[in-house]
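Here is the structure we will look at, set down as structure tokens.
Note: hydrogens, waters and symmetry copies are ignored here, and every other heavy atom, side chains too, is used. Residue numbering restarts at 1 for every chain, and letters A, B, ... go by the order of the sequence lines.
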Amino acid sequence: MKTKDDFPSLNERPAEGVGPDGVPFRVLIVDDSMFIGKQISQILSSEGFEIAGICADGAAGMERYKELFPNVDIVTMDITMPKMDGITALRKIIEFDKNAKVVMISALGKQDLVKQALVTGAKSYIVKPLDRKKVLERIVAVLNK
Amino acid sequence: MRVEYINPFVEASFNVLREVLQSDVKRGELYLKSTSMPVMGVAAIVGLAGDVEGRVLFDMDKPTALKVASAMNGEELPTMDDLVKATITELANMITAQAVTKLHELGFRFDLTPPAIFTGDNMEVTDQDVEALIVPMEVPQGRIEINVAIRERS
Ligand SMILES: [Mg+2]
């Protein structure tokens, strides 16, 4: 059987999604676009993150956060969603857990909403179209804050 | 229709398509169509309301939609399922968001309706009293027409 030791140079770079204790970071994804949800989930899973849940609207995302708590490390939050928008969901999550780490996912041209989200307590934001590098950079930066 | 409205859509389509498909995009010749027109099979439509009103249609045939969605997802998507529709809708979203940001900078004020997607054969779109400008975009996956009908509110 081949073990990790057979590929000494292959895994030198630690996966971004795993904490110093070797335990994966747990991510909750809130986005009404199945495409974006899947894209974020693929990028993060490939770096060893654990996807704790994917929710398609703000209300479901907020409920899920409460269910998962404290076993959730970070949330990606879309802004425009049916039922409950991302800023309202963000506010409710922060009310419930003032240390929640929430990263907003925004379309271009929503600066006012992004500002509002940052004032409300979002830790960072990522503008679509998403690419792997951008997503990982922002998520890792927030986790290391 | 004033040409100021169309340029931001041309630019945004070009930029976003190149970025999400990671490939060359060629812009075809702009042309004008009036009243009703058939669409190619898959159409994402975004409405605008404010100082100006109208709609932007992202029109392509089904094989193109499947190939574009497959490229954007990094996997083969052979049928017109919910993921394909969500992907094309998001593409329309990203292009419109970029174009509208530019239009807002130019001083136009309006809001967008969330994109809706239509699929089917023999579809036709009818715009009342407004002509549509069409910008064809050639990507390796096929041809996508950006069909813009906007007018100032009277
Ligand atoms: Mg959304």
Above 12 or not: heavy atoms from other molecules or residues under 6.0 Å from [atom1] of [X]?
X         : atom1 : value
Phe25(A)  : CZ    : yes
Asp24(B)  : CG    : no
Lys134(A) : NZ    : yes
Lys83(A)  : NZ    : no
Glu105(B) : CD    : yes
Lys98(A)  : NZ    : no

- In Å and rounded to the nearest 0.5 Å, what is the CG to CE distance from Leu130(A) to Met94(B)? 7.5 Å
- Considering heavy atoms only, which positions within residues 30-51 of chain A lie below 4.5 Å of chain B? Ser33(A), Met34(A), Phe35(A), Ile36(A), Lys38(A), Gln42(A)
- Item | Which of Gly74(B), Ala69(B), Ala86(B) touches chain A most, by non-hydrogen pairs under 4.5 Å | Ala86(B)
- Would you mind telling me which of Thr89(B), Thr101(B), Val16(B), Leu91(B) has the largest number of heavy-atom pairs within less than 4.5 Å of chain A? Thr101(B)
Joint hydrophobic cluster, [X] plus [Y], side-chain heavy atoms closer than 4.5 Å:
X        : Y         : value
Phe9(B)  : Ile88(B)  : yes
Val46(B) : Val10(B)  : yes
Val18(A) : Leu143(A) : no
Leu68(A) : Val27(A)  : no

Side chain, backbone, both or neither: which part of [X] has an atom under 4.5 Å from a heavy atom of chain A?
X         : value
Asp82(B)  : both
Val100(B) : neither
Glu75(B)  : side chain
Glu19(B)  : side chain

- Task: Heavy atoms only, distances under 4.5 angstrom: which of Gln111(A), Lys128(A), Lys110(A) has the most pairs with chain B? Name it, please.
- Result: Lys128(A)
